[in-house]
Amino acid sequence: MAELEKDSRSSSEAGTPSNFIRNKIAQDLASNKHEGRVHTRFPPEPNGYLHIGHAKSICLNFSVAAENGGLCNLRFDDTNPAKESQEYVDAIKDNINWLGFHWNDEVRYSSGYFERLYDFAVQLIEKGLAYVDSLSAEQAREYRGSLTEPGTNSPDRERSIEENLDLFARMRAGEFEDGNYSLRAKIDMASPNINMRDPVLYRIRHIAHHQTGKEWCIYPTYDYTHCISDAIENITHSLCTLEFEDHRPLYDWILHNLDIASLSNVSDLEGQAINYVLPEQTEFAKLKLNYTMMGKRNLKEMVDTGVIEGWDDPRMPTLAGMRRRGFTARSIRNFCESVGVSRSESVVDMSMLEHAIRDDLDKSAPRAMCVLNPLRVTLVNLEPEHREILSLQNHPKEESMGRREVPFTREIYIDRADFEEEPPAGFKRLIPEGEVRLRGSYVIKCTEVIKGADGEISELKCTVDKDTLGKKPEGRKVKGVVHWVSTTEGVKATVRLYDRLFNVENPESKEIEDYRDCLNPTSLIELTECVVEPSVFAESDSENFQFEREGYFCIDRKDSTETNPVFNRTITLRDSWSS
RNA sequence: UGGGGUGUCGCCAAGUGGUAAGGCACAAGGUUUUGAUCCUUGCAUUCGUUGGUUCGAAUCCAGCCACCCCAGCCA
């Protein structure tokens, strides 16, 4: 028995890393707490775009359900219409699908439960556990006390049940203005947990809601709504982040003070032969990434003030931005799995994310060549009309990824960084009188350096060793390999080189007055004279490529045009030389 | 100074009384027509700290220290 318990605790041998949430679910399953059910939910508020931090929660909730044959709902926690919109609802749904997850039947909305929520509020009032308060928000703050001092009861706290019922009905009917009344739970104004000092359950807001329109002028608060929504959806494990830990007593208080049969009766599984069990909240640490800002308020501000180009700017940590940057859904899922789930607040190093995308793209991205900063090279011992079609493997290790045709001509481009007149020690690229391998092609030797009037190198004359295609040259070793593109058949393209948006580890640190002071001035470098091999535009089904020796790039579908393709650099290759 | 949490390698993170997994990063070799990938090796005598219990402690107990969260009619 002890052996069995230990096995259920650690699933690391099975490939899925052990964490305290998986362990807890395994224990709940072992004790048959929910009759074998595992039902989670991802509950975003549609007040912004999803970011990589949300991805951690999405992966956790959906994976943990799937691993146990359970379900995961998508529920919009839309109780604050002032900040929410349909645009965000749509973007969030889209992002979750893109990430590769499928929610249990139709999308849920907390607003879909407004009527039931109202009924439960009436129930609390009838039980003498909630009252209508006329304190203003400001007064309520004063009555609440402080961290070290208990609060004091509102003068309205002992209002009669009848009067509370009447007032609450009139709140709903729209008889009062915003802020004039609120419905509060009657708990304990002296509680050391401030969340228990008669928290507000309903507030008056004469404002339209993106889902319910003008049907309501009172809206329930998060604390009141979330637990009941979980209960209605028969959620077994309600996973949320650490800052809600203090709210758990309230979550439990609300649910335990409602008649369990009435909860069960309006739940999704009503009528099915299951033993109705209340959901339980478990908290985990949210994801933090260095060199990244994750606060929704700040992200929204960057969008609104044009610091970046929008929610899907490839420098944004949003899923929309990362997608446009070229991150694959799988790499994000792998990353989320690799950072683990714990209760210690940690800051994950950017290199972990970079590893995840390189790891995925190395295996999946077809190779191609693109010259970022072109330098003309004339191969003098080839005929002017020389044209040879070379067949290159799309992936050095994966033959199943096929081959492509690359035209080789008398004039080609190589990258300016691959030639040095005065090379530093250890330089393995082209130098005067030196040899280098053209990737997938011949070995060439530089015989002449041509400079323009400004002293800049304008062209290289080289000779081709015609006996080196697919074989090593005889009697010598060629140390370097360089990528190239035909000048006549290459396609001109714009390439955007992205780098981290911030140059400090924690742009949201209190020590920093304004994150704008920490913006990386070279987070985007746009190159407009790049030349890419034509095969990239063949009916390839890939959006992602490795431009050999440069990095991973993807086609920017938003800005590319028929005549001017745009590529975004997802991430550079690892570089142990770093020039 | 109230309450709730967290402290295991530079960064994540397993570990739940039997003698410190793994990944990232880093370093050194090997392979290589990508200075990539891949492979091999190295990388915590020690788990915030001080005591205690125990044959045995990262794991149990007590004190201390550091950091995070909470005083929205935001979520």
Side-chain angles (χ1 to χ4, degrees), chain A residues 5-6 9-10 12 17-19 23 43-45 47 77-80 82-83 133 135-138 140-142 144-151 178-179 181-184 191-197 199-205 218-219 221-223 225-226 240-249 283 285 290 296 338-356 358-359 362-363 367 369 392 395-397 426-429 437-443 468 470-472 478-483 546-551 572-579:
Chain A
E5 263 179 30
K6 201 148 202 173
R9 273 207 194 108
S10 171
S12 52
S18 159
N19 66 49
N23 295 165
E45 186 193 12
N47 66 346
D77 219 335
D78 55 349
T79 56
N80 185 10
K83 292 186 177 174
D133 196 6
L135 249 32
S136 68
E138 201 172 308
R141 193 189 319 130
E142 283 158 17
R144 194 152 32 233
S146 72
L147 293 178
T148 51
E149 299 155 332
D178 289 9
Y181 288 99
S182 66
L183 182 74
R184 296 231 256 163
S191 172
N193 181 346
I194 290 174
N195 294 301
M196 300 298 269
R197 318 241 262 229
V200 168
L201 269 23
Y202 270 90
R203 68 288 216 195
I204 301 172
R205 289 278 180 284
I218 57 172
Y219 291 100
T221 55
Y222 162 83
D223 284 308
T225 308
H226 202 87
C240 65
T241 46
L242 253 24
E243 68 268 29
F244 292 103
E245 189 154 25
D246 290 345
H247 296 240
R248 194 170 66 219
E283 311 84 13
N290 60 12
K296 259 193 199 173
S338 77
V339 299
V341 181
S342 77
R343 289 176 59 87
S344 62
E345 300 178 43
S346 46
V347 181
V348 173
D349 199 287
M350 187 57 97
S351 68
M352 286 240 216
L353 216 209
E354 295 176 344
H355 170 76
R358 284 192 184 110
D359 187 54
D362 173 60
K363 295 181 191 115
R367 311 287 126 123
M369 292 191 283
L392 272 63
H395 188 104
K397 291 182 178 171
F427 190 74
K428 289 181 17 181
R429 285 108 97 146
R437 160 78 64 184
L438 292 179
R439 173 66 162 156
S441 178
Y442 300 86
V443 169
T468 54
K471 61 164 106 162
K472 289 184 166 52
V478 174
K479 48 190 182 308
V481 179
V482 140
H483 57 100
Q546 183 197 102
F547 289 160
E548 293 206 54
R549 306 208 311 129
E550 293 291 359
T572 60
L573 254 28
R574 276 186 74 215
D575 185 2
S576 56
W577 195 64
S578 66
S579 50

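Remember, predicted model here, so these are calculated numbers, not experimental data. Protein chains get the first letters and strands the later ones, always in sequence-line order, with residue 1 at the start of each.
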Nearest-angstrom distance, [atom1] atom, [N] to [M]:
N	M	atom1	result
B/A71	B/G4	C1'	14 Å
B/U41	B/U31	C1'	15 Å
B/G42	B/C55	P	37 Å
B/U33	B/A28	C1'	25 Å
B/U19	B/U59	P	15 Å
B/U45	B/C38	C1'	34 Å
B/C67	B/G56	C1'	32 Å
B/A27	B/C65	P	40 Å

Do any side-chain nitrogens or oxygens of [X] fall under 4.0 Å of OP1 or OP2 in [N]?
X	N	answer
A/Thr148	B/U1	no
A/Asn23	B/G15	yes
A/Ser18	B/G15	yes

Applying a 3.5 Å limit to both distances, which nucleotide forms a Watson-Crick or G-U wobble pair with [N]?
N	result
B/C47	none
B/G22	B/C12
B/U6	B/A66
B/C38	B/G30

[atom1]-[atom2] distance between [X] and [Y], expressed to the nearest 0.5 angstrom:
X	Y	atom1	atom2	value
A/Phe547	A/Leu573	CZ	CG	12.5 Å
A/Thr79	A/Tyr202	OG1	OH	10.0 Å
A/Asp246	A/Glu283	CG	CD	9.0 Å

Is the backbone N or O of [Y] less than 3.5 Å from a side-chain atom of [X], with the two atoms forming a donor-acceptor pair by type?
X	Y	value
A/Ser344	A/Ser346	no
A/Ser191	A/Met196	no
A/Arg439	A/Arg549	no

Rounded to whole Å, CG of A/Asn19 lies from P of B/G15 at a distance of 8 Å
Calculate the interatomic distance between A/Met352 atom CE and B/C24 atom P; express it in whole Å.
9 Å
Could you check B/G17 for me: syn (within 90° of 0) or anti?
anti
Ring-plane angle category for A/Tyr222 and A/His226, please: parallel below 30°, perpendicular beyond 60°, tilted otherwise.
tilted
Check A/Glu548 with A/Arg367, please: is the shortest side-chain N to carboxylate O separation under 4.0 Å?
no
Using 4.0 Å as the upper bound for N to carboxylate O, is an ion pair formed by A/Arg574 and A/Asp362?
no
I'd like to compare against my own output: the B/S/- annotation of nucleotides 64-75 of chain B with a strict under-4.0 Å heavy-atom distance to protein.
----BBBBSBSB
Summary of protein contacts for nucleotides 34-43 of chain B, nucleotide by nucleotide, where a base hit scores B, a sugar-phosphate-only hit scores S (4.0 Å, heavy atoms)
BBSBS-----
May I ask you to say what [X] touches in the nucleic acid, namely base, sugar-phosphate or nothing, with a heavy-atom cut-off under 4.0 Å?
X	result
A/Gly470	base
A/Arg343	sugar-phosphate
A/Val443	nothing

Using the side-chain contact (heavy atoms from CB on, under 4.5 Å) rule, pick out the option among A/Arg144, A/Arg184, A/Glu142, A/Arg141 that qualifies with A/Leu135.
A/Arg184
Checking B/G5, B/A13, B/A25 against the side chain of A/Ser342 (C-beta onward), the nearest is B/A13
Would you check if there is a donor-acceptor pair between the side chains of A/Ser351 and A/Glu354 at a distance under 3.5 Å?
no
